[in-house]
Amino acid sequence: MIILFKTAKLEKECNSQILMLKRFGAQRAKLLMRRLNELHAAASLDVLRDLPQTRCHELKGNRKGQLSVDLEHPYRLIFEPADDPIPKKKDGGLDWSKVTKVRIFGVEDTHE
C-alpha cells in the first residue's frame, strides 16, 4: 500500500526512528512502526481488517471518512483512504478491498 502523510513534519517523524522515539516514546513508537509496516506490506486495506491486533475500523461522527488502528491504549493511528476516487461499493460504503493508498493524519486519542 502507498502511504502518504498529512504534513511533511509527520512524514519526517514517522520515517525516523530517533524522531519517532522522541515524540511518541518507546512503546508507542514500536507499535506505530509495526502498524506502518503492516500498512505498507498490505496489498489493500482489507488485509488490515483481518489482523485482529490492529482493530482497523471506520470512525464515525465528525471523523467520518477516517479510519484508525490500535496503538498503545488509548492512542490510535488515524488515516483516510487517499485513492482518487475513493473506492466505494454499490451501497455507498467504502470498498476496503480496493483501497491501495492511505493518508496518515497522526496519532491521537479519539476519545478525548
Side-chain angles (χ1 to χ4, degrees):
M1 188 169 322
I2 297 169
I3 300 174
L4 307 172
F5 294 87
K6 182 179 177 185
T7 66
K9 179 183 178 190
L10 180 60
E11 181 175 13
K12 187 175 179 180
E13 289 172 341
C14 288
N15 287 315
S16 165
Q17 189 171 6
I18 292 170
L19 293 176
M20 194 183 293
L21 283 167
K22 185 176 179 180
R23 174 148 185 223
F24 300 112
Q27 182 62 24
R28 199 170 312 142
K30 176 183 170 185
L31 290 169
L32 175 56
M33 182 58 67
R34 183 179 300 158
R35 297 298 178 252
L36 290 171
N37 287 336
E38 289 166 347
L39 279 166
H40 184 70
S44 73
L45 191 55
D46 209 30
V47 172
L48 267 73
R49 180 181 266 177
D50 294 332
L51 298 175
Q53 69 273 20
T54 65
R55 286 187 352 109
C56 187
H57 61 281
E58 295 179 58
L59 299 176
K60 299 175 183 174
N62 63 347
R63 291 189 176 268
K64 186 174 176 146
Q66 296 180 344
L67 297 98
S68 76
V69 291
D70 281 356
L71 296 174
E72 175 187 35
H73 184 74
Y75 292 93
R76 296 178 178 173
L77 177 63
I78 309 298
F79 59 96
E80 70 178 2
D83 297 270
D84 187 20
I86 294 175
K88 300 282 185 176
K89 296 180 194 174
K90 289 181 182 180
D91 67 4
L94 181 64
D95 189 343
W96 289 51
S97 68
K98 293 186 178 152
V99 174
T100 60
K101 189 186 296 186
V102 295
R103 180 175 294 104
I104 306 294
F105 276 85
V107 173
E108 301 176 28
D109 175 357
T110 59
H111 298 107
E112 287 185 334

**Q.** Members sharing L4's hydrophobic cluster (side chains within less than 4.5 Å)
**A.**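 ILVMFWY cluster around L4 also holds I2.
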Q.
Test question: given the 4.5 Å side-chain rule for I, L, V, M, F, W and Y, name all other residues clustered with F105, or answer none.
A. L59, I78
Q.
Less than 4.5 Å apart, side chain to side chain, heavy atoms only: is that true for R35 and Q53?
A. yes
Q) What distance separates L45 CG from C56 SG, expressed to the nearest 0.5 Å? A) 4.5 Å
Q. What is the distance from atom CG of L94 to atom CD1 of I86, rounded to the nearest 0.5 Å?
A.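 Rounded to the nearest 0.5 Å, the CG-CD1 separation comes to 7.5 Å.
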Membership question, hydrophobic clusters at under 4.5 Å side-chain separation (ILVMFWY): are [Y] and [X] in the same one?
| X | Y | result |
| --- | --- | --- |
| F79 | I3 | yes |
| V102 | M33 | yes |
| V47 | V69 | no |

Q. Does atom NZ of K12 have more than 12 heavy-atom neighbours, drawn from other residues, nucleotides or ligands, at distances under 6.0 Å?
A. no
Q) Can you name the residues that form a salt bridge (Lys or Arg N to Asp or Glu O under 4.0 Å) with E58, not counting sequence neighbours? A) none
Q) For R103, what residues pass the salt bridge (Lys or Arg N to Asp or Glu O under 4.0 Å) criterion, not counting sequence neighbours? A) E80
Test side chain to side chain contact (heavy atoms under 4.5 Å, CB included) applied to [X] - qualifying residues, sequence neighbours left out:
| X | result |
| --- | --- |
| T7 | K9, L10 |
| R55 | D70, R76 |
| D95 | P87, K89, S97, K98 |

Q | side-chain contact (heavy atoms from CB on, under 4.5 Å) evaluation trace for R34 with L31 | A | CA-CA 5 Å; R34 183 179 300 158; L31 290 169; 3.6 Å; yes
(Q) Working note: L39 + L77, criterion side-chain contact (heavy atoms from CB on, under 4.5 Å); need CA distance, chi angles, decisive distance, verdict. (A) CA-CA 11 Å; L39 279 166; L77 177 63; 4.1 Å; yes
Q: Can you tell me which residue pairs pass the side chain to side chain donor-acceptor pair (under 3.5 Å) test with a partner in residues 39-49, sequence neighbours excluded?
A: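 Residue pairs passing side chain to side chain donor-acceptor pair (under 3.5 Å), neighbours aside: none found.
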Output side-chain donor-acceptor pairs under 3.5 Å for residues 14-27, partner residues at least two apart or in another chain, one line each.
residue	atom	partner	partner atom	Å
N15	ND2	E11	O	3.0
S16	OG	L19	N	3.2
R23	NH1	E13	OE1	2.4

